[in-house]
There are 2 protein chains.
Amino acid sequence: MKIDIREIARQAGVSTATVSRVMNGKGSVSDNTRQRVLAVVKQNNYKLNSIARGLSRQKTDTIGVVLPELVDEFFMDLVHSIDEAAYAANKFVMISSSHSQRNTIETVMEFMNGGRIDGVILMAPEIMDEELLRLITRSNRPLVMLNAPGHIKDCYSLNIDNHQGAVAAVTHLLGHGYEKIAMIKGPAGNTDADERFAGYQDVLEKSDIPFRDDLIVNGDFTLQAGYYGLLRLISQPVKPDAVFAANDMMALGVYQAALASQIRIPEDLAVVGFDDIFLSRLLTPRLTTVHSPVPEMGSKAVKALLGIISGEVSAEQPYRELLSTGLVIGGSCGCKMPNSSLLL
Amino acid sequence: MKIDIREIARQAGVSTATVSRVMNGKGSVSDNTRQRVLAVVKQNNYKLNSIARGLSRQKTDTIGVVLPELVDEFFMDLVHSIDEAAYAANKFVMISSSHSQRNTIETVMEFMNGGRIDGVILMAPEIMDEELLRLITRSNRPLVMLNAPGHIKDCYSLNIDNHQGAVAAVTHLLGHGYEKIAMIKGPAGNTDADERFAGYQDVLEKSDIPFRDDLIVNGDFTLQAGYYGLLRLISQPVKPDAVFAANDMMALGVYQAALASQIRIPEDLAVVGFDDIFLSRLLTPRLTTVHSPVPEMGSKAVKALLGIISGEVSAEQPYRELLSTGLVIGGSCGCKMPNSSLLL
DNA sequence: ACAGGAAATGTAAACGTTTACATTTTTTGC
DNA sequence: GCAAAAAATGTAAACGTTTACATTTCCTGT
């Protein structure tokens with residue numbers, strides 16, 4: 001037999017309202033009654049139906065998360081921290097990656113308007129203009145953007161401070177005395193990639209070092225891009241003495257290419273990455289890289305979203321926070337490292 | 001103004017039933033009417049409310065996924081493949097990791113009984129007995145278990161063939177002529193760990209090689225466990241000439257410890273892992289390991305679950321499928337490898 | 001022009017909760 | 001012992017869909 005709140009009420013000899021009060025622990029109900037209801041509940045192994053509950057309360061205790069991908073440590077860490085924070089707050093997490101650009105919007109829209117979730121955490125570093133944002137925002141559901149492009153103004157966003165990180169990285173390389181610092185960029189149009197590149201350019205400019213086009217190669221954040229990127233760089237007349245890879249995965253590709261080309265790191269070529277993925281610690285020498293505060297971003301996003309949902313945080317004021325990065329020194333930049341196992 | 005199906009119906013001058021028919025594309029409605037409704041829908045940017053829909057249809061188009069953890073490539077790959085398959089089938093995914101043992105059950109129960117989801121994919125290699133399973137199953141919601149312990153009979157389960165994989169690995173080592181093959185085990189009570197160990201034992205037995213207790217060390221699938229595991233092994237009178245680590249992460253620890261102890265792989269010590277994580281390809285020499293068909297497991301799980309939900313697959317018959325593994329040969333077992341970059 | 005069937009549409013009862021409001025019961029202060 | 005306040009409980013109307021069933025409209029063939 002199907003058992004619902006009415007059935008429990010009947011068996012306990014009370015009204016559904018009372019059962020509801022007992023189940024939710026709010027509203028007053030006598031101890032006696034509570035026990036009686038609880039007994040029946042246990043007896044029947046009864047659980048509230050969340051869907052009905054959601055309909056009635058207009059609240060689902062679920063947050064939607066839309067990410068551009070679901071591969072890589074980066075996203076795993078993000079998902080992990082979101083899950084942790086959501087769990088701590090007793091919320092459920094509905095996850096979806098953008099299977100295509102078109103799909104991102106659709107998914108977000110479905111989330112926003114379908115009533116399935118109370119709010120959305122959205123990361124879409126590539127496809128975003130005010131137009132789209134307005135479309136998405138129209139639903140008026142709480143939204144927290146992750147790494148939103150700089151020109152996206154009208155929303156609550158949490159961003160890794162790519163510029164700061166890149167500046168730190170390149171400045172550090174300059175400090176070592178390198179003069180021909182190449183950069184392997186991330187995909188064009190990607191916010192993170194663009195900001196990191198901007199940081200690189202700014203440092204050079206500030207230091208009166210001429211920007212050289214032939215020291216820049218385009219990449220797409222993959223290992224392969226780093227590999228072929230370095231090959232490309234060293235096949236040119238002017239060879240770099242240092243490389244700033246826009247992420248660690250590409251830095252790893254650089255390591256591989258260096259190995260294949262008998263280029264020693266850091267003696268012949270210094271390398272710095274970005275992200276501080278687990279892998280970067282395993283390289284020999286350990287990769288000098290910029291730490292991205294991914295877990296922090298995840299948990300802050302959840303907290304902010306829940307704040308907006310509960311009304312504690314205003315959703316009126318656009319808000320943009322930069323999460324600061326930090327340079328993790330390995331041996332790849334030329335710094336002397338104690339050569340102990342860094343793993344443990 | 002809040003717009004619901006009634007409002008659309010009003011504006012289009014039809015009944016809610018007709019709007020519903022248009023939105024769902026089933027039931028007959030004249031072309032004329034359809035256009036009119038669609039126009040109003042577009043005009044108002046209307047979307048069906050999934051919660052209400054779920055309540056009415058007793059179906060949410062959402063599947064729940066409960067995993068023991070949310071770290072590691074392994075789980076990322078799993079989540080990724082589940083997401084892909086779910087997306088392809090137009091389903092949503094609600095994800096949760098087991099923040100604690102107690103929590104696993106609670107989460108699953110909430111999923112099962114809360115009406116939030118249509119079915120659950122559950123991976124809980126540690127905590128499972130028939131008792132719990134019955135508790136979980138009582139709700140009668142479709143369930144697919146991943147890597148369920150062998151003694152769990154009464155359910156639909158998909159399992160990585162740990163035994164086969166371990167047998168292949170150890171057999172391969174024997175083929176190289178190693179005689180003192182050590183094993184670093186996974187956590188006690190973990191199905192995968194136990195099955196891999198059983199495979200190891202069975203090969204030795206079949207080959208009439210005496211099982212030596214001092215060649216076995218306990219681990220917990222972490223890098224550290226592998227590191228200290230090897231240190232422990234080589235500190236004993238009888239030193240192994242090969243090590244079978246129950247997963248790649250521990251094999252990586254073995255590499256680290258070997259490096260620190262100036263033990264050459266494979267010259268002084270052969271190493272074989274299990275899982276075939278991305279990292280294993282980056283080691284020098286590349287790790288010989290057992291490939292776990294993780295993406296296959298994810299997509300099969302979704303397919304099976306949806307099958308059970310739709311009634312195409314019987315949930316009456318218990319079902320257990322072993323997904324076969326394969327040995328990936330690297331240089332760590334002693335096989336001669338062309339020393340090209342294996343990365344690209 | 002009309003019977004009869006098909007197609008289109010409408011009506012209203014679920015689906016399983018929550019909650020404002022109304023009512024009843026208990027407690028409190030005197 | 002009683003009025004008034006407080007606590008406990010109940011009633012019934014949402015919440016926004018879907019869908020069986022009923023009704024109306026449109027064809028079709030004669």
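Within every chain, numbering begins at 1; the chains are lettered A, B, ... in the order of the sequence lines, protein sequences first and strands thereafter.
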Visitor: Please give, in whole Å, the distance from dT17(D) P to Asn113(A) CG?
Guide: 11 Å
Visitor: Just checking Lys47(A): does its NZ atom have more than 12 heavy atoms from other residues, nucleotides or ligands closer to it than 6.0 angstrom?
Guide: yes
Visitor: Less than 4.5 Å apart, side chain to side chain, heavy atoms only: is that true for Ile136(A) and Leu122(A)?
Guide: yes
Visitor: Please state how far atom CZ in Arg116(B) lies from atom P in dT17(C), giving the value in whole angstrom units.
Guide: 13 Å
Visitor: Using every non-hydrogen atom in the two residues, find where Arg320(B) and Ile152(B) come nearest and quote the distance to one decimal.
Guide: NH2-O, 3.9 Å
Visitor: Whole-Å distance between dT17(D) P and Lys59(B) NZ?
Guide: 18 Å
Visitor: What orientation do His99(A) and Tyr87(B) show, parallel under 30°, tilted 30 to 60°, or perpendicular over 60°?
Guide: parallel
Visitor: Take atom CZ of Arg34(A) and atom P of dA7(D), then tell me their distance rounded to the nearest Å.
Guide: 14 Å
Visitor: For dT17(D) and Tyr46(B) - does any side-chain N or O of the residue sit under 4.0 Å from the phosphate oxygens OP1/OP2?
Guide: yes
Visitor: Would you say the side chains of Thr60(B) and Asp118(B) form a donor-acceptor pair under 3.5 Å?
Guide: yes
Visitor: Among dC15(D), dA20(D), dG10(D), find the nucleotide with the atom closest to the side chain of Lys2(B).
Guide: dC15(D)
Visitor: Within the pair Gln58(A) and dG16(D), is there a side-chain N or O less than 4.0 Å away from OP1 or OP2?
Guide: yes
Visitor: Between Arg53(B) and dT18(D), is there a contact of a side-chain N or O with OP1 or OP2 at under 4.0 Å?
Guide: yes
Visitor: Round to a whole Å and report the spacing from CG of Asn49(B) to P of dC15(D).
Guide: 12 Å
Visitor: Side chain of Ser56(B) only, please: which of dG10(D), dT17(D), dT18(C) is the nearest?
Guide: dT17(D)
Visitor: Please report the distance, rounded to the nearest Å, between CG in Asn32(B) and C1' in dA7(C).
Guide: 14 Å
Visitor: Taking only N and O in the side chain of Thr33(A), is any of them less than 4.0 Å away from OP1 or OP2 of dA8(D)?
Guide: no
Visitor: For Ile5(B) and dT19(D), what is the distance between atoms CD1 and C1' respectively, to the nearest whole Å?
Guide: 11 Å
Visitor: Which nucleotide wins on minimum distance to the side chain of Arg57(B), given the candidates dG16(D), dT18(C), dT18(D)?
Guide: dT18(D)
Visitor: Nearest heavy atom decides the nucleotide; on that basis, is Arg21(A) or Arg6(A) closer to the 5' end of DNA chain C?
Guide: Arg6(A)
Visitor: At 4.0 Å (heavy atoms only), tell me whether Ile51(A) reaches a base, stays on the sugar-phosphate, or touches nothing.
Guide: nothing
Visitor: Take atom CG of Leu48(B) and atom P of dT19(D), then tell me their distance rounded to the nearest Å.
Guide: 11 Å
Visitor: Identify whether any heavy atom of Ser20(B) sits under 4.0 Å from a base atom; if not, whether one sits that close to sugar-phosphate; answer base, sugar-phosphate or nothing.
Guide: base
Visitor: Name the nucleic acid region contacted by Ser28(A), choosing base, sugar-phosphate or nothing; use a 4.0 angstrom heavy-atom cut-off, strictly under.
Guide: base
Visitor: If you check the Leu55(B) side chain, which of dT17(D), dT17(C), dC15(C) turns out closest?
Guide: dC15(C)
Visitor: dT9(D), OP1 or OP2 - any side-chain N/O from Ser30(A) closer than 4.0 Å?
Guide: yes
Visitor: What distance separates Ile95(A) CD1 from His80(B) NE2, expressed to the nearest 0.5 Å?
Guide: 12.5 Å
Visitor: Between Asn24(B) and Ser15(A), just flag the one whose closest nucleotide in DNA chain D comes earlier from the 5' side.
Guide: Ser15(A)
Visitor: State which of dG16(C), dG10(D), dC15(D) makes the closest approach to the side chain of Asp4(A).
Guide: dG16(C)
